[in-house]
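What follows is a set of notes on a single structure, which appears directly below.
Order of the sequence lines fixes the chain letters, A, B, ..., with proteins taken first and strands second; residue numbering starts at 1 for each chain.
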Amino acid sequence: MGGADGLNTAASMTGPRLLTRAALPVDTAALARCLIGKLLVRALPEGVATGRIVETEAYVVGDAAGHAYRGETPRNRSLFLERGHAYVYVAYGRSDMLNVSSEEAGVGAGVLIRALEPLEGVPLMQSNRGVERVRELTRGPGRLCAALRIDRRLDGIDLCREGSLWLGDDAHASDDIGESVRIGISKDVDRALRFYVRSSPFVSGPTSLNR
DNA sequence: AGTGCGATTGACT
DNA sequence: GTCAATCGCACTA
């Protein structure tokens, strides 16, 4: 597609534009904030499911709550990939969690994707989740992975390449972004490293954290 | 080889 | 609001 085609209507066949690695800040907290409003695109045999990222958490370098804190292991090695790669793990034996690696290669840190606003492929997400209510589809890190059928087979993939799972850019810049402490951790509990869209009904967490 | 623990969710009072 | 399910993995021995 040529750059001369400036208009891009909703009816256009043109999908989301890839979010390039160069557009990602080389800093975990900055990346967590940057990813708010961006798109997550999942290509499945049945079709495409897309959501807008409305909640993230940063697990920064030297963070006792982060999985990379004690160094590289077989499970967390994807956190040490160059920024923009997927780190997927299973929490509590039942929920898959999606993170975006966030620093230079060899440095372990990441951004947890905690909630999406469903955009495209809602019926597919409903089918994957076994839930009808759109508001509950992708509200929470485990739920969004179930909705997009994300599991550890996607661990380590490059999210800055159009493939089975990738990040899309979006012009949606002017949302009011809130900050709070992170949810569900027991170490480094006081740091304000959670970011969310204040006006979004799709964010997770208690209302007390979403003001 | 055994143990303890979660970056959660869904069911229930 | 409370609470138990559930299992991969890191850690100890």
Side-chain angles (χ1 to χ4, degrees), chain A residues 27-36 40 51 53-81 83-103 107-116 118 125-156 159 165 167 178-197 200-211:
Chain A
D27 174 84
T28 303
L31 178 62
R33 178 180 274 278
C34 165
L35 288 178
I36 296 291
L40 186 63
I53 298 170
V54 295
E55 182 184 351
T56 62
E57 282 178 355
Y59 288 85
V60 301
V61 175
D63 183 350
H67 286 185
Y69 186 57
R70 291 162 206 252
E72 190 172 340
T73 69
R75 174 176 73 152
N76 70 16
R77 70 191 142 73
S78 299
L79 283 175
F80 293 80
L81 298 173
R83 71 192 189 283
H85 288 78
Y87 164 53
V88 182
Y89 74 95
V90 181
Y92 296 98
R94 42 166 69 187
S95 304
D96 291 286
M97 303 278 145
L98 172 66
N99 297 253
V100 181
S101 68
S102 55
E103 299 278 342
V107 179
V111 173
L112 172 68
I113 308 300
R114 284 198 59 93
L116 304 175
M125 296 189 218
Q126 287 169 321
S127 168
N128 286 336
R129 283 268 288 126
V131 164
E132 288 291 308
R133 194 148 190 276
V134 174
R135 163 124 179 216
E136 302 302 318
L137 244 30
T138 51
R139 186 158 121 91
R143 291 168 177 164
L144 76 87
C145 283
L148 300 189
R149 211 182 298 159
I150 293 167
D151 62 33
R152 285 211 40 227
R153 287 173 295 200
L154 295 175
D155 182 52
L159 298 171
L165 181 68
L167 291 166
E179 299 179 19
S180 83
V181 295
R182 295 170 293 181
I183 294 174
I185 57 171
S186 56
K187 300 166 199 158
D188 267 319
V189 294
D190 291 332
R191 307 174 79 171
L193 290 172
R194 172 175 175 262
F195 303 89
Y196 60 96
V197 176
S200 176
F202 298 97
V203 300
S204 71
T207 49
S208 60
L209 284 187
N210 293 335
R211 295 194 232 274

How long is the line joining [atom1] of [X] and [atom2] of [N], in whole Å?
X	N	atom1	atom2	answer
Tyr196(A)	dA7(B)	OH	P	22 Å
Asp63(A)	dA7(B)	CG	C1'	10 Å
Asp155(A)	dG8(C)	CG	P	15 Å
Tyr69(A)	dA7(B)	OH	C1'	16 Å
Arg143(A)	dG10(B)	CZ	C1'	8 Å
Glu57(A)	dT8(B)	CD	P	7 Å
Tyr89(A)	dG6(B)	OH	C1'	8 Å
Lys187(A)	dA10(C)	NZ	P	13 Å

- Query: So, do Tyr59(A) and dA7(B) meet the stacking rule of ring centres under 5.5 Å and planes under 30°?
  - Reply: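 Stack criterion met.
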side-chain N/O [X] vs [N] OP1/OP2, d < 4.0 Å:
X	N	answer
Thr73(A)	dA10(C)	yes
Arg94(A)	dG6(B)	no
Arg129(A)	dG10(B)	yes

Decide, yes or no, whether a salt bridge links [X] with [Y] under the criterion of side-chain N to carboxylate O below 4.0 Å.
X	Y	value
Arg194(A)	Glu55(A)	yes
Arg129(A)	Glu136(A)	no
Asp96(A)	Arg143(A)	no

- Geometric cation-pi criterion, Arg152(A) with Tyr89(A): 6.0 Å, 45°: no
From the set [options], return the single nucleotide nearest to any side-chain atom of [X].
X	options	answer
Arg70(A)	dA10(C), dT6(C), dC11(C)	dC11(C)
Met97(A)	dA7(B), dT8(B), dA10(C)	dT8(B)
Ile183(A)	dA7(B), dT8(B), dA10(C)	dT8(B)

- Message: Under 3.5 Å for both donor-acceptor distances, Watson-Crick or wobble: does dA7(B) have a partner, and if so which one?
- Response: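 Paired with no nucleotide.
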- Message: Could you identify the nucleotide paired to dT12(C), looking across every strand shown and requiring Watson-Crick or G-U wobble geometry with both distances under 3.5 Å?
- Response: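 The answer is dA1(B), by the H-bond criterion.
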Have a look at [X] and say if it touches a base, only the backbone sugar-phosphate, or nothing, with a 4.0 Å heavy-atom cut-off.
X	result
Leu112(A)	base
Arg139(A)	nothing
Arg152(A)	sugar-phosphate

- Is the gap between the ring centers of His67(A) and Tyr59(A) under 6.0 Å? no
